[in-house]
Amino acid sequence: MKVVSGQVMQLMDRRAIGEFGVPGVELMERAGRGCADVIEEAFGEQDARRAVIVAGKGNNGGDGFVISRLLAERGWEAPVLLLAAPEAVGGDAAANLARLAPGTVRSVPQGLAGAEGLLQGATVIVDALLGTGMNSEVTGVYGEAIDMINAAGVPVVSVDIPSGVDAATGKVLGRAVRADITVTFALAKLGNVLYPGADLCGRLVVADIGMPDAVVAEAEGVEFVDLACAAGLFRPRSATAHKGSGGHCLIVAGSTGKTGAAAMAANSAQRAGAGLVTLAVPAALNPILEQKTTEAMTIPIGPEEAGYLRAGSLADILAAAAIRDVVALGPGIGTAPSTVYLVHSLLAALDKPLVLDADGLNAVALKPELLPARQDRVTVLTPHPGEMARLVGCSVPEVEADRIGCARAFATRYRVYLILKGARSIIAAPDGSIAVNGSGNPGMATGGMGDVLTGVVAAFLGQGYHPFAACQLGAFVHGHSADFLVEPMGTQGMSATDVQEMLPVALASLAASRTTATNHQQGE
Ligand SMILES: NC(=O)C1=CN([C@@H]2O[C@H](COP(=O)(O)OP(=O)(O)OC[C@H]3O[C@@H](n4cnc5c(N)ncnc54)[C@H](OP(=O)(O)O)[C@@H]3O)[C@@H](O)[C@H]2O)[C@@H](O)CC1
Ligand SMILES: [K+]
């Protein structure tokens, strides 16, 4: 599903009106109708049908006037609380304001004192205060109205985006409405899918407002990776599959005290569909990993007493990589100077697609200028915000303030693919393309989850997926697998190993979604 910023949506509206001759008032009519239909479907069965529309002076409010008129035509009581003087409303919104029956609108430009009673007995509140045109922190009467809506204890339907949420970033500007349903138009906005906006939207419905296909196709946006998107990217195994066609992953991992990271990365690669997995581990840890893993093969690296990877093992690792399809480097390797030197040497010398995580990333952060030495070879980085901050040389709050911008800038500058982890992981490609992962839950906030992701992404790369697809699938399947665990175990105490063991179930669900989609197409 394509997702755009509020600014891009406004450009799309202008193109539809200017180049394709769709009248703005018609777009507003369709937007209002889309909301009214959702309201009718969700709340229309109730005996008392009273929708209170809280409207601002812009076109978001204009949508609200259409909703009021259409619901009234369908037998609803649909009063409007307008937070501006009627004269302050202009354009298409003014045209729709003029079409409301006398007595429908109560205008309160100065404040809400005395207007609280209007919400009493409401079946639903329609939040039509602010949409893509919000341009500053919410204060004054708009802020009061948001507080009043949130305190009313009545279901809320937000028009386009919960008022107070920035459509470009999902951030709350001052305060924001908490909606039960949000009806957005033509395409979802970034603020509908990025946190905290995503959480404030409740159930998201994308209403078709007849935006011309060319305008939708040419709009600059990002891909939101949901089940349908991931299923479309996924290639189930063919009937003639053999272990050679599943790809062979080499996982270079582990140091004393961190054998679990190596085991989880290897086991997750296998659970995500890798044909074969080999672990290259410090020699002293080999007996432990022989025990911890069953399907994976292991290669002891370095002298017998070695509890960490050393620079002198470069040739051995290159030889191991030469007969494998993809290398994952970093889980649990530690930050010993000799290990860091080894990572730096491998960057240039490894002639295979490479996934770098954890201490592999910390080593790269010391010399990111080495990344271009990989030239056309595929490199995937999977940093969490702390690792991203180290890579860029900034603070974690700076990364979090603009996750998409930060991921895109690094990926394009260093010609790498990057998965910036966190709620709604951002996937960036060297050409600047962005995808936002839609799966996952707070249960994943625990150690080892990154090692699982590394194994999963390596498995998809090893199977020959395009790197951008491998990153999208890797991130989605990782979160989707964890989502299957929420019902039986909640979000506290879920472990990375639990997620690893659920990976085949997540893959099966992608395959099933593909089959359903194909059946639908054939049935059409
Ligand atoms: N264009 C189209 O054809 C279609 C658009 N559609 C709908 O239009 C919406 C976008 O409409 P929009 O551009 O009029 O902006 P909107 O979100 O209503 O708010 C802007 C108004 O609020 C004000 N304001 C801003 N920030 C504020 C704040 N913090 N606190 C208080 N006030 C603030 C600002 O005033 P200003 O500061 O500029 O004086 C301005 O007057 C979009 O989300 C969708 O619902 C659909 O009908 C489909 C067709
Ligand atoms: K709104």
Side-chain angles (χ1 to χ4, degrees), residues 4-36 53-67 70 81-97 109 125-146 149-150 156-168 171-192 197 200-202 204-212 215:
V4 296
S5 68
Q7 223 178 2
V8 167
M9 194 68 211
Q10 296 206 321
L11 290 173
M12 290 172 66
D13 286 337
R14 263 181 250 148
R15 274 198 76 191
I17 295 164
E19 288 177 40
F20 292 84
V22 186
V25 75
E26 180 57 33
L27 288 175
M28 187 172 279
E29 186 71 18
R30 294 174 194 166
R33 194 184 309 131
C35 289
I53 291 97
V54 186
K57 68 171 179 171
N59 286 335
N60 198 250
D63 296 344
F65 306 146
V66 175
I67 295 166
L70 296 180
L81 186 63
L82 173 60
L83 300 191
E87 312 78 72
V89 178
D92 298 332
N96 277 301
L97 179 60
I125 297 173
V126 178
D127 153 34
L129 280 170
L130 293 163
T132 53
M134 186 179 68
N135 52 25
S136 60
E137 187 133 323
V138 183
T139 55
V141 66
Y142 279 69
E144 274 179 56
I146 288 173
I149 292 170
N150 287 341
V156 177
V157 174
S158 280
V159 177
D160 210 7
I161 191 157
S163 298
V165 173
D166 183 345
K171 295 198 185 335
V172 170
L173 295 189
R175 59 190 108 175
V177 167
R178 174 170 286 282
D180 296 279
I181 303 176
T182 295
V183 184
T184 195
F185 310 121
L187 294 173
K189 319 298 174 295
L190 280 161
N192 296 131
L200 294 168
C201 280
L204 181 67
V205 178
V206 183
D208 181 4
I209 58 166
M211 189 61 70
V215 175

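One-based numbering, in listed order, for ligands and for the atoms of each. These numbers come from the heavy atoms of this one structure, side chains and all, not from hydrogens, waters or symmetry mates.
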Exercise. Rounded to the nearest 0.5 Å, how far apart are CG of D63 and CZ of R33?
Worked result: 12.0 Å

Problem set entry | Residue pair N60 / D127: nearest heavy atoms and the distance that separates them | OD1-O, 4.0 Å

For this session: Have a look at the K ion (ligand 2) and estimate, to 10 degrees, the angle subtended by O (I161) and O (L130).
Result: 90°

Exercise. So, A128 and the K ion (ligand 2): N/O/S under 3.4 Å, yes or no?
Worked result: no

Exercise. What atoms of ligand 1 come closer than 4.0 angstrom to any heavy atom of I17?
Worked result: 3 (O)

Problem set entry | Closest approach of any protein heavy atom to atom 49 (C) of ligand 1, naming residue and atom | L27 CB, 3.6 Å

Exercise. Where is the nearest protein heavy atom to atom 11 (O) of ligand 1: which residue, which atom, and how far?
Worked result: N59 CB, 3.1 Å

Problem set entry | Any M9 heavy atom less than 4.0 Å to ligand 1 | no

Seminar exercise, completed: The atom name of the N, O or S atom in D127 nearest to the K ion (ligand 2) is O

Exercise. Looking at atom 37 (O) of ligand 1, what's its closest protein heavy atom, distance included?
Worked result: N135 ND2, 3.4 Å

Problem set entry | Trace of the side chain to side chain contact (heavy atoms under 4.5 Å, CB included) decision for M9 with M211 | CA-CA 10 Å; M9 194 68 211; M211 189 61 70; 3.7 Å; yes

Exercise. Ligand 1 and G133, any nitrogen or oxygen pair closer than 3.5 angstrom?
Worked result: yes

Exercise. Under 4.0 angstrom from ligand 1, any heavy atom of I161?
Worked result: no

For this session: To the nearest 0.5 angstrom, please state how far the CE atom of M134 sits from the CD1 atom of I161.
Result: 7.5 Å

Exercise. Below 3.5 angstrom, do we get any N/O pair linking Y142 and ligand 1?
Worked result: no

Exercise. Checking side chain to side chain contact (heavy atoms under 4.5 Å, CB included) for the pair L27/F185: CA distance, chi angles, key distance, verdict?
Worked result: CA-CA 9 Å; L27 288 175; F185 310 121; over 6 Å; no

For this session: For the K ion (ligand 2), decide whether S163 has an N, O or S atom at a distance under 3.4 Å.
Result: yes

For this session: Report yes or no: does N192 contribute a side-chain atom to a donor-acceptor pair with the main-chain N or O of K189 at less than 3.5 Å?
Result: yes

Exercise. From T182, does some N, O or S atom reach closer than 3.4 Å to the K ion (ligand 2)?
Worked result: no

For this session: Report, in ascending order of atom number, the atoms of ligand 1 lying under 4.0 Å from any heavy atom of M28.
Result: 47 (O)

For this session: Output yes if G56 passes the N/O/S-under-3.4 Å test against the K ion (ligand 2); output no otherwise.
Result: no

For this session: Write out the residue and atom name of the closest protein heavy atom to atom 29 (N) of ligand 1, then the distance separating them to 0.1 Å.
Result: S136 O, 2.8 Å

Problem set entry | Approximate separation, where rounding is to 0.5 Å, of L190 CG and D166 CG | 9.5 Å

Exercise. How close does the nearest protein non-hydrogen atom get to atom 10 (C) of ligand 1, and which residue and atom is it?
Worked result: T132 OG1, 3.2 Å

For this session: Answer yes or no: does an N/O atom from G131 fall short of 3.5 Å to an N/O atom of ligand 1?
Result: yes

Exercise. Looking at E137, which atoms of ligand 1 are within less than 4.0 Å of one of its heavy atoms?
Worked result: 29 (N)

Exercise. What is the closest protein heavy atom to atom 42 (C) of ligand 1, and at what distance does it sit?
Worked result: D160 OD2, 3.2 Å

Exercise. Looking only at protein heavy atoms, which one is nearest to atom 34 (C) of ligand 1, and how far off is it?
Worked result: K57 CE, 4.2 Å

Problem set entry | Reported CG-to-CG distance for the pair D13 and N59, which is rounded to 0.5 angstrom | 8.0 Å

Problem set entry | Reported CG-to-CG distance for the pair N150 and L200, which is rounded to 0.5 angstrom | 8.5 Å

For this session: May I ask which of D13, N60, D63 has a heavy atom nearer to atom 18 (O) of ligand 1 than the others do?
Result: N60

Exercise. Between L130, T139, V138, V66, which one has a non-hydrogen atom sitting closest to atom 27 (C) of ligand 1?
Worked result: L130

For this session: Check the pair Y142 / R175 against side chain to side chain contact (heavy atoms under 4.5 Å, CB included), numbers first and verdict last.
Result: CA-CA 10 Å; Y142 279 69; R175 59 190 108 175; over 6 Å; no

Exercise. Looking at ligand 1, does G62 have a heavy atom less than 4.0 Å from it?
Worked result: no

Seminar exercise, completed: dist D92:CG -> M28:CE (nearest 0.5 Å) comes out at 5.0 Å

Seminar exercise, completed: Nearest heavy-atom contact between T132 and G6 is CG2-CA, 3.8 Å

For this session: Measure from the K ion (ligand 2) to each N, O or S atom of V159 and report whether any distance is below 3.4 Å.
Result: yes

For this session: Show which atoms of ligand 1 fall inside a sub-4.0 Å distance from at least one heavy-atom site of M134.
Result: 17 (O), 25 (C), 26 (N), 29 (N)

For this session: Could you tell me whether Q10 approaches ligand 1 through its side chain, its backbone, both or neither, with non-hydrogen atoms closer than 4.0 Å?
Result: side chain

